[in-house]
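All remarks here apply to the structure that follows.
These figures come from a predicted structure and were not determined experimentally.
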Amino acid sequence: MKSNGAWFIGTALLGLSVLIPAAQSADDAAAQKHKPLMIHRLYTGPDGLTHAEEIEAKFAPAGGNDVYKLMANSGAELRRAPPGRVADWHTAPRRQYVITLSGYAELEVAGGKKISLGPGSIELVEDTTGKGHITRTLGTEDRVTIQIPISER
């Protein structure tokens, strides 16, 4: 009876020794794939309203890192908005990237479409004309952003 138990345990251990490396190599392969980095692009459509689309940042290998080049820019600034702040319908003051560093917000564009933003969210804001969009600071903490103006060519 003891030999049957030992045989069973030995077989189970052998099976695990085969399965664990296979699972680890699958995890390693998954780690090689990168989650897409999406940018919310706001733009004024021909109807004069702000619309939104998601565009993927396409990274290229460069010196051991992957790099996504932003459009030419200058004069970045940090901004802080208190919880509950609502900037009713407004256009962007210029074409710019807005990157949320901390806090949460919601953008509303044409047709009532709402976009949730949090730390790491990137927007390419180009709706400098038309009706614009609404920005609402959500939650109980300040929303801190870095705004990076895009240089005009």
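Between G130 and T91, the closest heavy-atom pair is O-CG2, 3.3 Å. Residues T50 and G132 come closest through the heavy atom pair OG1-O, 3.0 Å. Nearest heavy atom pair, residue L42 against residue A52, reads CD1-CB, 4.3 Å. Across all their heavy atoms, A81 and T137 have their closest contact at CB-OG1, 3.5 Å. Looking at every heavy atom in both residues, H90 comes nearest to D127 through O-OD2, 4.3 Å.
Not a single donor-acceptor pair under 3.5 Å links the side chain of H40 to the backbone N or O of I122. Remark: side-chain polar atoms of D47 are paired, donor with acceptor, to backbone N or O of L49 under 3.5 angstrom.
The cluster map of Ile, Leu, Val, Met, Phe, Trp and Tyr, joined by side-chain heavy atoms under 4.5 Å apart, puts M38 and V98 in different clusters.
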Determine whether V86 and I134 satisfy the following criterion, side chain to side chain contact (heavy atoms under 4.5 Å, CB included), listing intermediate values before the conclusion. CA-CA 7 Å; V86 176; I134 300 172; 4.1 Å; yes
Run the side chain to side chain contact (heavy atoms under 4.5 Å, CB included) test on T135 and L117 for me, step by step, so that the C-alpha distance in whole Å, both residues' side-chain angles and the decisive distance to 0.1 Å come before the verdict. CA-CA 10 Å; T135 305; L117 306 171; 6.0 Å; no
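Within 6.0 Å of CZ in R80 there are 12 or fewer heavy atoms belonging to other residues, nucleotides or ligands.
Between the CD atom of E53 and the CD1 atom of I115 there is a distance of 10.5 Å, given to the nearest 0.5 Å. Remark: L37 CG to F59 CZ distance equals 4.5 Å, nearest 0.5 Å.
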Using a 3.5 Å cut-off and no angle test, enumerate the donor-acceptor pairs between side-chain atoms of residues 99-112 and protein atoms at least two apart in sequence or in another chain.
unit_1: T100; atom_1: OG1; unit_2: R143; atom_2: NE; d: 3.3
unit_1: T100; atom_1: OG1; unit_2: R143; atom_2: NH2; d: 2.9
unit_1: E106; atom_1: OE1; unit_2: R136; atom_2: NH1; d: 3.1
unit_1: E108; atom_1: OE1; unit_2: R136; atom_2: NH1; d: 3.0
unit_1: E108; atom_1: OE1; unit_2: R136; atom_2: NH2; d: 2.8

Can you list, pair by pair, the side-chain donor-acceptor contacts under 3.5 Å of residues 65-76, counting residues two or more places apart and other chains?
unit_1: N73; atom_1: ND2; unit_2: M71; atom_2: O; d: 3.0

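In this structure H51 satisfies the ring-ring contact (aromatic ring centres under 6.0 Å, His included) test together with Y43, sequence neighbours excluded.
For the pair Q147 and R94, the minimum side-chain heavy-atom distance is below 4.5 Å. Contact of the E123 side chain with the R41 side chain is not registered, since no non-hydrogen atoms from C-beta on lie closer than 4.5 Å.
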